[in-house]
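Structure record follows, encoded as structure tokens.
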Amino acid sequence: MHIHIAELKGFASSLHVWRTCTHSTEDLQELTTFTMPHRTIHIFRKGLRLHDNPTLLAALESSDVIFPLYILDKNFITSNTNVGSNRWNFLLQSIEDLHCNLQKLNSCLFVIKGDYKQVLRDYVQKWNITQVTVDHEIEPYYRDMDENITAMGQELGFQFLSLVSHTLYDIRRIITENGGRAPLTYKRFLHILSRLGDPEPPSREITEEHFMKCTTPADAFVTEEHRVPLPEDLDVPRSKSTNWIGGESQGLRRLEQHLEKQGWVSQFKKPQTIPNSLLPSTTGLSPYFSVGCLSVRVFFQKLSTIYAQAKNHSLPPVSLQGQLLWREFFYTVASYTPNFTKMAGNPICLQIDWYKDEDKLNKWTKAQTGFPWIDAIMTQLREEGWIHHLARHAVACFLTRGDLWISWEEGMKVFEELLLDADYSINAGNWMWLSASAFFHHYTRIFCPVRFGKRTDPDGNYIRVSNGDFSPQKILARFKGLSCEIHL
DNA sequence: TCGAGAGTTGGAATC
DNA sequence: CGATTCCAACTCTCG
């Protein structure tokens, strides 16, 4: 009886979240049949985690059979450009980690290669599926996908459920609160959030018990056919860098390491971090947030706890919570703005007659501009897949309004290929910002490609490392004593 | 409606 | 060396 009441509470709570996120009459009809146990496919696209995963939780609580599924559709990652090998490695590691964590709960991850529509059509019938669940996303490609799945559900007779957990808020609420438009300044954005109150708290933990009541049929798992691919299976070279390992387990470990430094966390001010330190001077959690190995809502809540215990703490825009809110800001504007990743047809973007210069673009991309500070950053980007935010500013300004006068779209594509944390909304938003195409308009404020880097690295150590003048091992040994400052 | 004020993170000169 | 002011002059928000 005791367990039964707890169950009911859990059920009510998941219904509450669900109801706040959906509005159509079809959804309300769905509510009435919600108590019938489903056979569910949960599609992972982002949200590659088990913690704070309300959609997966709702799937488990409404079903007696679940098939966790990752569809390896190359269009998933990006709709128009290449994904670099470092990104592929990070993604595959994240999927493998998810599979391992599901196995610990007596489930597994089915990885199926192919076009998502065909895969879904095949397996809905093969497995007698009555419900498909997927984490809510704002990108046009995923919205389109949701519409297609909904239509397919009407045809094949399954229900579709999608809850928000990739962002702090349901972005649709922010747009509504701002009168049906996107706020175009951070200040305005914060004002809207202050009217909405705190973000949604993380959802309840998923446990072994959930997978006892809702099982994954072991006989459906054919090892070879459904296993997580290795880089070689996709003709992707293995990452040389071992600094960034994908996966929820790694992400949570890194998160906990940072949260231990409560003083550093509460006093964090982004502009005071160093763009050219030899190891990241910021948290380095962005790759984990971008594929959803980590929940922004968990990070936000844990930061609130630390702030509450501290005598004083930094504030947005420069604080750590402020960084999460920048992410939210760009998601909000991107969700509302057509052609957000392009100049043409983008109503918030200044229309500029940029130069077309393949040679100069190629030199920038390949770290051959001749400016050591710029080239060092582009080398780190290519080799490691992560560069500091201000380093991104420096090379973005150089490519666009600062020096080469080449379109921000070209730079955005290069970042999309090489950055482990590449993200539709944030990448395009920041490129518009840096090129003074939107959000930021002081086009005369130029980052000097020589002096800006000199300020925080007068001896040029960062440049020497990037140029291969000494090995990372030597650097680590040399700078070991500084580890508390450089936040490994 | 229109003008003042403000804008995450530039740089140089000056005190 | 740090804080302050000016540079030059865009766009969004708000009253």
**Message:** Heavy atoms from C-beta onward define the side chain here; which of B:dT8, C:dC12, B:dG10 lies closest to that of A:Arg445?
**Reply:** B:dG10
**Message:** Counting only side-chain heavy atoms from C-beta out, which of B:dG11, C:dT13, C:dC10 sits nearest to A:His442?
**Reply:** C:dC10
**Message:** Rounding to an integer number of Å, can you tell me how far A:Leu315 CG sits from B:dT9 P?
**Reply:** 15 Å
**Asked** Is A:Glu358 atom CD crowded by more than 12 heavy atoms from other residues, nucleotides or ligands, each under 6.0 Å away?
**Response** no
**Request:** Please determine, for the side chain of A:Pro271, which listed nucleotide (B:dT9, B:dG7, B:dG11) has the closest atom?
**Result:** B:dT9
**Prompt:** NA contact type, A:Arg455, heavy-atom cut-off 4.0 Å: base, sugar-phosphate, or nothing?
**Reply:** sugar-phosphate
**Item:** Proximal nucleotide (of B:dG10, C:dC10, B:dT8) relative to the A:Gln323 side chain
**Value:** B:dT8
**Message:** Using the P atom as the point on both nucleotides, what is the distance between B:dA6 and C:dT5, in whole Å?
**Reply:** 15 Å
**Asked** Closest to the A:Lys187 side chain: B:dA6, B:dA12, C:dC14?
**Response** B:dA6
**Prompt:** Distance between the C1' atoms of C:dT13 and B:dT1, in whole angstroms?
**Reply:** 14 Å
**Message:** Atom CZ of residue position A:Arg238 - does it have more than 12 heavy atoms of other residues, nucleotides or ligands inside 6.0 Å?
**Reply:** yes
**Prompt:** With both distances kept under 3.5 Å, what pairs with C:dG2, Watson-Crick or G-U wobble?
**Reply:** B:dC15
**Request:** Pick the P atom in B:dG7 and in C:dA8, then give their distance to the nearest Å.
**Result:** 22 Å
**Asked** When the aromatic ring centroids of A:Trp433 and A:His393 are compared, is their separation below 6.0 Å?
**Response** no
**Request:** Check every strand shown and say whether A:Leu390 touches a base, only sugar-phosphate, or nothing at a heavy-atom separation below 4.0 Å.
**Result:** base
**Message:** Expressed as a whole number of angstroms, how long is the span from A:Met432:CE to C:dT11:P?
**Reply:** 15 Å
**Fill in**
Among B:dT8, C:dA9, C:dT13, the one nearest any side-chain atom of A:Asn430 is B:dT8
**Prompt:** Heavy atoms under 4.0 Å, any strand shown: does A:Phe440 hit a base, just sugar-phosphate, or nothing?
**Reply:** nothing
**Item:** Length of the CH2-P vector between A:Trp433 and C:dC12, whole Å
**Value:** 13 Å
**Message:** Counting the atoms with a prime plus P, OP1 and OP2 as sugar-phosphate, which does A:Cys448 contact under 4.0 Å by heavy atoms, base, sugar-phosphate, or nothing?
**Reply:** sugar-phosphate
**Request:** Could you state the atom-to-atom distance from CZ of A:Arg401 to P of B:dG11 in whole Å?
**Result:** 10 Å
**Request:** Answer yes when A:Lys46 and A:Glu139 have at least one side-chain N-carboxylate O distance shorter than 4.0 Å, and no when they do not.
**Result:** yes
**Message:** Both distances below 3.5 Å, Watson-Crick or wobble geometry, any strand: find the nucleotide opposite C:dG15.
**Reply:** B:dC2
**Item:** Flag side-chain contact, heavy atom, 4.5 Å: A:Glu256 against A:Lys302
**Value:** yes
**Request:** With the side chain of A:His393 defined as its heavy atoms from C-beta on, choose the nearest nucleotide among B:dT8, C:dT13, B:dG11.
**Result:** B:dT8
**Item:** Rounded distance (Å) that lies between atom C1' of B:dT9 and atom CZ of A:Phe268
**Value:** 12 Å
**Asked** Atom CD1 of A:Ile446 and atom C1' of C:dA9: how far apart are they, to the nearest Å?
**Response** 14 Å
**Asked** Given atom CG of A:Leu320 and atom P of B:dT8, what is their separation to the nearest angstrom?
**Response** 18 Å
**Asked** Under 6.0 Å between the ring centres of A:Tyr424 and A:Phe330?
**Response** no
**Message:** Regarding A:Thr444, tell me which of base, sugar-phosphate or nothing describes its non-hydrogen contacts under 4.0 Å with the strands shown.
**Reply:** nothing
**Candidates C:dT13, B:dT9, B:dG7 - which lies nearest the side chain of A:Lys270** = B:dT9
**Message:** Only pairs with both distances under 3.5 Å count, Watson-Crick or wobble alike; so what is the partner of B:dT8 in this structure?
**Reply:** none
**Item:** Check: B:dT8 base within 3.5 Å donor-acceptor of A:His389 side chain
**Value:** yes
**Request:** Considering only atom P, compute the distance from B:dT8 to C:dC6 and round it to an integer number of Å.
**Result:** 22 Å
**Message:** Among B:dT8, C:dT13, B:dG10, which nucleotide has an atom closest to any side-chain atom of A:Phe447?
**Reply:** B:dG10
**For atom CH2 of A:Trp373 and atom P of B:dG10, their distance in whole Å** = 14 Å
**For the student: nearest non-hydrogen atoms of A:Asp52 and A:Pro202, plus distance** = OD1-CA, 3.3 Å
**Closest to side chain of A:Arg188, choosing from B:dT8, C:dT13, B:dT9** = C:dT13
